[in-house]
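First the structure, in the form of structure tokens, and then the observations on it.
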Amino acid sequence: MAAGSGSEKRVIVIGGGLAGLAASARLAEQGIQVDLFSIAPVKRSHSVCAQGGINACNEVARQQGFSEWAHMDETLYGGDFLADQPPVYEMTHWAPKIIDLLDRMGVPFNRTFEGYRDLRLFGGSLFKRTHFAGATTGQQLLYALDEQVRRAEQDGMVTKYEFWEFLWPVTEEVDGERRCVGMVAQDLRTMQVRAFRAGAVVIATGGCGLVFGKSTNSVSCTGAAAARCYQAGAWYANGEMIQVHPTAIPGADKCRLMSESARGEGGRVWVPRTKGDKRDPRDIPVPERWYFLEEKYPKYGNLVPRDIASREIFDVCVNQGMGIGAENMVYLDLTHKSREELDRKLRGILEIYEKFAGEDPRDVPMKIFPAMHYTMGGLWTTFTPEERTADSVMDRDSNRERVIGMQIDAKNTMSTNIPGLYALGEVNFAYHGATRLGANALLSCIFDGLFAGVGIANYVRDDAPDEEAVSSAPFDAAVKQEEAKVESLRSRAQQGLTDPAVNPYVIAQELGKEMTDASTVVKTGERLEKALNKIQELGERCSRATLADASLWTNQNMAFTRSLSDMVKLAEVILAGGIERRESRGSHFRLDYPDRDDDQFLKTTVAEYDAATGRPKISFREVITPLVKPRARTYGKVEKSSDPAPEPRETVAAEATS
Amino acid sequence: MGTLHVTQTGSFLQRHHFLLRRLHSLSGIVPIGVFLIVHLTTNASVVWGMVNSSKYDGLHGGAATFQHEVNFIHSLPFLILIEIFGLWLPIAFHSILGIYYATTGRSNLTRYPYQDNWRYSLQRISGYVGVLFIFYHVATLRWGWTFLIPGGTKWDGEFAASTMASALQGGTDGMTTAGLFVSLCYMIGVSLLVFHLANGLWTAAITWGLTVSDKAQRRWGLVCAGLGAGLMALAWSAVIGFATLDPAEAQLAEEHVNRGHGVEPAHVDSNVAMTTSGNEE
Amino acid sequence: MTSPTPVSQDSAKHELGAERSVYFRIKRCDGPGKATRWERFKVKVTRGEGANVLACLERIAANPVTADGAKTTPVVWDAGCLEEVCGACTMNVNGKVRQACSCLIDTCAPNDGDEVVLEPMQKFPIVRDLWVDRSRMFETLKRVKAWTPIDGLYATGPGPKETPERQQERYIYSTCMTCGCCLEACPQFQQEPDASKWDTSFVGANAIGQVQLFNEHPTAKELAPERLDAMTAAGGVSECGNAQNCVKVCPKEIPLTDAIAAVGRAATIHGIKRFFQGK
């Protein structure tokens, strides 16, 4: 029997990061019972990794000419105008309220001498608009929401299902219209597959970094949940929009962010002039080092904008094979600076490098490489626009009488194309367009949960069918489908994997490598097509992938392999979108189409799963741009950047050492 | 499971958890800790009392001073009540509760051989050994279980130093092997008790919230270490003093003191003397 | 990027270049109540690649064959951020508790042929292999009411002002990722599989740190009496034995012993107040 089959209205929230927790807290406050599912204890969600801060207009910035409207404009401009504008309007206008709320929850935001919230300057803005809590803002915000949800749990409004993996949304068709009435999940300890009923299902499962192998994401960020919704008929939008961070520390298991402030403080990027030189970098004399950024950009040197830095590093390593020891890495060298100065200005970030790279960057040049960082694309969602009078304070730069935001109580807010199935947070495509501004991610996740929670509660109360009224047939079918997958995987189990062709870990590595090589910093139609072929092959191998563990107790091997086939589906969406988008916009840089083409592509890419072929069907939808007319995204000539997001850690480091 | 004990021993311990814990901590300091300091100071007088030798006509000043102290204590009123409520019950309370509390812990020194962790384990070991030592000490000298004393010396409050010396030396004819063993046990026993008190004072300051910061804890740690070192010096000097004291020489001094106080040794009921002087040991 | 190299059965060439072999001795258990066993694996690592314990576990998962050539199942472990901020991958590495993600092979097993010993945390019920169930820690957070009792999620203005000093003090406690290192190393904290006894078992250092965190916040301190009730009840702060291992193993360097003393002080005052108020 499915849980929650009582008469109470309930919502299933899948994912316990910022968006999922914000939604849970909001729904519980609205008197809706929440079943919160997460593959890990929610307090360990990937949101903890965010460091820099959270953007919001504030009184200090306002008195210098900043406004909510300006924040919106920056966000749209940063995202190269690919985002629908009303959601961005609403999010930026809610931002100050969200900061206040987090403040009340007890988030230890950094303080000024007088005790007010301190602010820091972030890229993409001339105003200090970023609030921060030490070097772990994401962690602090997540914990604050986690605490509020624990409180709701104590009050009996939230039931947590931790170590449960979402497998499939359950839908029923009434009068030709589908709606989501629950889902099937699996307990990752007992491996029990079970259906759960609910008035609505909220997907808040984050990004898909693991599709790219080693990214800056957590191990849970497979994108599998989104991929499953996509295969169940939900649209996936702007899949090709993936943010790559230029300086990350490549590790054996993942890539960790390295602050841009290292370059700001004089760090020099170089590779050995001799291909595959394996000498200790300290033994390589200066004439035998290739300071390629300084050579190619004599004026700006190592401080070229991020997208250029990313592309050049990528070009040197991938195309020219000039990376350190023929690997995809370049040196970021600070060893010419005095230890004292480095400690004073950069200690925080240098310690992170020391901890995870095992070398002291004051003595040895750091090894860095661009890494997949954020998924702007995601499940397609809709909203109800609401026209209202422009606010003389918040919209002071707009020169408009009327503005358009989102209607808060609308039942379709952040609904996917399947009613009753919502997508919030990073898995929602809505807010960041073609690239995300630094310190906007935390804002979008919390806003999504708090804002959409109201409409979801309305939907569940008014429109969702009574749980008893829903036939058990679709639940039984979905459970059967998922149990069949489990059995199919188990039937292929054999201890001690031998054949790499069907080894899921080998397939995952190949997937990550192919996606990173073909679809991150620089793309071409030809390379994407080639990658798509490779992905087809991987998909085929995935269907034969062999487990090394057939047990029905805490079988991570099975969960991993199942997710892998879903990641392959998502990879197809990402590549297909990239192929069809024959322009360059934001993070999507096509060498064969280097310019932005608003006439053809000021449009949202929508991928729809074709059950017959198993392939995505790509179509384009108009971007809703009623507020700001898209303009060229140049950041002046000097500051042109596809990713104006500043490095979160840099200011932290500066403050920690000052 | 350590926690299993909590429910097994009933809800009394749970209901009065905090009070009992705090009383346990307090009882270790007052009265037990205070008593230990007084006791060690008194007993060490067998050494520091040597400065009084001229006062006692050139007789053994240490033995004389010690006897003088013992006689003073014997003269206190309501001594038996002071003993019971000020000493025996607190020690029993502190020991029984302490042993119970100690069983809820599991030492992990092999994995975490930090200094503080050593102190934690040593505090519990010194508690266990201390209880055994106190039992031996009281049983042999207070209850007259002379069969546990090599040489079978019966401690006599009128001849406090000389009988004590005989008890530690295994007889009246100089140090025997068995006597050496007893002296060594005393050495270890008092050392562990001194450690237990000094370390207990240090942790009590944390428990009660007097020393909150790491700095304050380290500062207070120095004070406790200093106190411990001082007490250790007293304890060792007492044990060494008695272990090396010539009983015959001591007896001369004791007789001198007792005469000075107008008490004829022949008239002393040894049972009375034992009863009223037990707290000295 | 350096792709993880599946372990090769052919060991003859492992000394080439900077590549070397390390051995992993892993305490394995198929599930609660099942017998434990030790298995030894050989993993190839390259000096300077930044391989950590988890990267090696991935390599073992990709080729689950023991050093003796016996086929086995992949080792099960818990992991999340891999950046030492989520707390998931806590386990015993070479006898000491820590996050496996920040344990680099070049540091913990610097020489060819070195052995790394992995064991699950001992203070929590086993799920499988290196994965343990730490839900007791999250339940304990309820016991000490580790939250700020705000009115609700509607905008009602800013929170209370706070001095930078106070913020810094609270921030460090707020970086606690509930990893459980402090509990694993604590001689006073014992495993308790029976959830009904969690409410009277020792809360442990992390929860005491959370009490301090919330009792220092202007709004959250409204619940301080209730938190101190928990702290003065069975399993409260006075079960601490002052071994102070917690503060030494805390990966975030949270001053847990300061918190224990501060909460001890508050508990003393709270206890005296209650005594005289006759509650």
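None of the values given here were measured: they were computed from a predicted structure. Throughout, a chain's letter reflects where its sequence line sits, starting with A, and its residues are numbered from 1.
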Rounded to the nearest 0.5 Å, what separates atom [atom1] in [X] from atom [atom2] in [Y]?
X      : Y      : atom1 : atom2 : value
C:D258 : B:T211 : CG    : OG1   : 9.5 Å
C:I260 : B:I206 : CD1   : CD1   : 8.5 Å
B:L19  : C:F275 : CG    : CZ    : 7.0 Å

Answer with side chain, backbone, both or neither: which region of [X] has an atom nearer than 4.5 Å to a non-hydrogen atom of chain B?
X      : answer
C:A267 : both
C:A233 : backbone
C:N92  : side chain
C:Q212 : neither

Nearest non-hydrogen partners of [X] and [Y], listed with the distance:
X      : Y      : value
C:N245 : B:N108 : ND2-OD1, 3.3 Å
C:T232 : B:F18  : O-CB, 3.0 Å
C:S238 : B:R22  : CB-NH1, 4.2 Å
C:A243 : B:D116 : O-CB, 3.1 Å

Heavy-atom cut-off 4.5 Å, strictly under: side chain, backbone, both or neither for B:R124 against chain C? side chain
Does any heavy atom of chain C fall under 4.5 Å from the side chain of B:W202, the backbone, both, or neither of them? side chain
I'd like to know if C:E119 pairs up with B:R111 as an ion pair, taking the criterion as any Lys NZ or Arg NE/NH1/NH2 lying under 4.0 Å from an Asp or Glu carboxylate oxygen. yes
Criterion side-chain hydrogen bond (donor to acceptor under 3.5 Å, both in side chains) on C:Q244 and B:Q217, from CA distance to verdict: CA-CA 12 Å; C:Q244 304 206 331; B:Q217 288 172 13; 3.3 Å; yes
Could you check whether atom [atom1] of [X] has more than 12 heavy atoms from other residues, nucleotides or ligands sitting under 6.0 Å from it?
X      : atom1 : answer
B:Y128 : OH    : yes
B:W118 : CH2   : no
B:W236 : CH2   : no

Please answer whether the main-chain N or O of B:L210 pairs with a side-chain N or O of C:R265 as donor and acceptor at a distance below 3.5 Å. yes
Backbone of C:P187 reached by a side-chain donor or acceptor of B:R106 within 3.5 Å: no
Pair C:Q188-B:Y120, side-chain donor/acceptor within less than 3.5 Å: yes
Stepwise side chain to side chain contact (heavy atoms under 4.5 Å, CB included) test for B:Y114 and C:V247: CA-CA 11 Å; B:Y114 309 128; C:V247 76; over 6 Å; no
Counting only non-hydrogen atoms closer than 4.5 Å, can you tell me which residues of residues 96-105 of chain C sit against chain B? C:K96, C:V97
Ranked by heavy-atom pairs below 4.5 Å to chain B, first place among C:A262, C:A185, C:G271 goes to C:A185
